[in-house]
Protein chains: 2
Amino acid sequence: MPPLANGQGALSPRAIPEAAVARLAVYLRVLSGMKEQGITTVSSEELSVAAGVNSAKLRKDLSYIGTYGTRGVGYEVEVLIDQIERVLGLTREQSVAVVGIGNLGHALANYGGFPGRGFPVTALFDVDPDLMGVPVGGIPVHHIDDISSVCAAKEITIGVIATPPAAAQVVCDRLVQAGVECILNFAPVVLQVPETVEVRKVDLAVELQILSFHQARRADSAPSGETAPQPRGNGRVTGSPRHSVENRPNGAVVRR
Amino acid sequence: MPPLANGQGALSPRAIPEAAVARLAVYLRVLSGMKEQGITTVSSEELSVAAGVNSAKLRKDLSYIGTYGTRGVGYEVEVLIDQIERVLGLTREQSVAVVGIGNLGHALANYGGFPGRGFPVTALFDVDPDLMGVPVGGIPVHHIDDISSVCAAKEITIGVIATPPAAAQVVCDRLVQAGVECILNFAPVVLQVPETVEVRKVDLAVELQILSFHQARRADSAPSGETAPQPRGNGRVTGSPRHSVENRPNGAVVRR
DNA sequence: GAATGTGAAACCGTTCACAGCC
DNA sequence: GGCTGTGAACGGTTTCACATTC
């Protein structure tokens, strides 16, 4: 890195790669589970297996947030939890609004605080007059036209779009106008937003199509019988001969 | 490993990067919309803007599946749709089973064929005796113990896990045992699977925490007033001066 | 001895920029 | 002249391997 190039100004103290942030959230969940089980210390090896990554990656990820381990020993579960929570900004509660109270919106509203808490759903919006005022999961539904005032009153920081695709961009615009700068989009639409707004999307159809792609690949690389080929012995040797568990690109772990 | 390293044997004819596959699914949706509007031809520039990527990336992605464009002209919408569908394996229908008929499972069951069709939900499973036989979204609910027989009968290729976290691994094991090799996991758990099985996960909590991270970063780089800083003029110039629209890492587009 | 933290290397995906074709 | 297709440059992410610390 000769001439430094951070993209976000020179001396940004916390330049954590996006990919690492996503994994930190996973580590946090695993660590919470460990804490509940009364585990007080973990090694990078143990934690990495539980989180479905390899230990080198785990250590690199943790190194982005500071050095909280003890060489020869491992990490204190509680310390890691605190530090990850700090970095992810989970010390301040973020209020969530859900827009679009169909099947999915219902499901989201009923999550009730969301897994791991810290994300209370405090406002619901729809256009259907029949829903107005009716509480869903204990929260009354407001009309979309009131987004601005309600979001301001409830200090909403995260907006979740669970509307039909046709409405998504309009809803997004209104959320942005209401000052919401973080949006989670379930509608199958590419949203247009100003620079200041962060959008994440969850796209069912895309996920299914990716699975379909892999299924299709499988199908034509094994053009013979019916039942799964089930690699005998230990199959192709893919690299790291040290672990009994192998990492996958998207979140799972291979069990032998 | 200096000489060739494909991981999947040397002469694998279709080695499409995972990231490109995900985007192809998005292009497909955008193209379908265009076809409905009667558009017959697109340039890489037009399509890329609509899909929220830049045109070089789009062209590279399309080049993975073949060369179907005409220099100086663009692509035929219908041709691209057909080719992407072929590559994603959408020519064969994939039957989907949803396990866990809570709020989310209900929502999924009611999608009814899923956006863009090609993914009919044909089986539902739960453990709750009250739900057995009751049709949800027109599909009867079976007991989890019957996964094997029902999945075989309905030729399920994709399993969706929408159970509470504690049940997810068991359900996953049963699906795998039933021969399902593609799994979409909504439970906040790292699943352990054999090598032959492909898992994708959708993790609400992780998505929210990533948003929270960005919110936190925003908060401490602008430690002053209350209202959004709203960059005057056209804000910082971030690079590509050619487009009026700028690409974001995760699926949205910057509107100026 | 055991396990962390981290430079350096390898890898992969994105962007550039232009040759080739219509 | 316009737009595709792609080799080459780039930048980010993952992995390796080892010095460092307890």
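Quick note on labels: first sequence line is chain A, next is B, and so on, each numbered from 1. Because the structure is predicted, anything quoted here is derived from the model rather than measured.
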Fill in: Whole-Å distance separating the CD1 atom of A:I16 from the P atom of D:dG12
15 Å
Item to complete: Among C:dT4, D:dT4, C:dC16, find the nucleotide with the atom closest to the side chain of A:S43.
Response: C:dT4
Fill in: B:K57 NZ - D:dA9 P separation (whole Å)
21 Å
Worksheet item: Charged N to carboxylate O under 4.0 angstrom, A:R200 versus A:E18?
Response: yes
Worksheet item: Quick one: which of C:dG13, D:dC16, D:dT13 gets closest to the side chain of A:E18?
Response: D:dT13
Discussion item. What is the separation between atom CZ on B:R59 and atom C1' on D:dA8, rounded to the nearest whole Å?
Written reply: 15 Å
Practice prompt. Could you check B:S44 against A:V73 and say which one's nearest nucleotide on DNA chain D is further toward the 5' end?
Written response: B:S44
Discussion item. Can you confirm whether B:V42 sits close enough to B:M34 that some side-chain heavy atom of one is under 4.5 Å from a side-chain heavy atom of the other?
Written reply: yes
Worksheet entry | Check: B:R71 side chain, D:dT4 base, donor-acceptor under 3.5 Å | yes
Worksheet item: Roughly, in whole Å, what's the span from CD in A:E76 to C1' in C:dA3?
Response: 15 Å
Item to complete: Side chain of A:T67 only, please: which of C:dC16, C:dT6, D:dT14 is the nearest?
Response: C:dT6
Worksheet entry | Between B:D173 and B:Q177: side-chain donor-acceptor atoms closer than 3.5 Å | no
Worksheet entry | B:S212 to A:L90 - nearest heavy-atom pair and separation | OG-CD2, 3.6 Å
Practice prompt. Starting from C1' on D:dG2, measure out to OH on B:Y75 and report it in whole angstrom.
Written response: 13 Å
Discussion item. Does A:Q83 have more than 12 heavy atoms from other residues, nucleotides or ligands lying within 6.0 Å of its CD?
Written reply: yes
Worksheet item: Does D:dT14 have OP1 or OP2 sitting under 4.0 Å from an N or O in the side chain of A:N54?
Response: no
Practice prompt. Quickly work out the A:L62 CG to C:dG5 P distance and round it to whole Å.
Written response: 7 Å
Fill in: Protein-nucleotide distance (A:L58, atom CG; C:dG5, atom P), rounded to Å
10 Å
Discussion item. Heavy-atom nearest nucleotide on DNA chain C for A:G74 versus A:K60: which residue maps closer to 5'?
Written reply: A:G74
Item to complete: Measure the distance from OH on A:Y68 to P on C:dT6 and round it to the nearest whole Å.
Response: 12 Å
Worksheet item: Between B:T70 and D:dT4, is there a side-chain N or O to OP1/OP2 distance below 4.0 Å?
Response: no
Discussion item. Is the phosphate of D:dG5 approached by B:S63 (side-chain N or O, under 4.0 Å from OP1 or OP2)?
Written reply: no
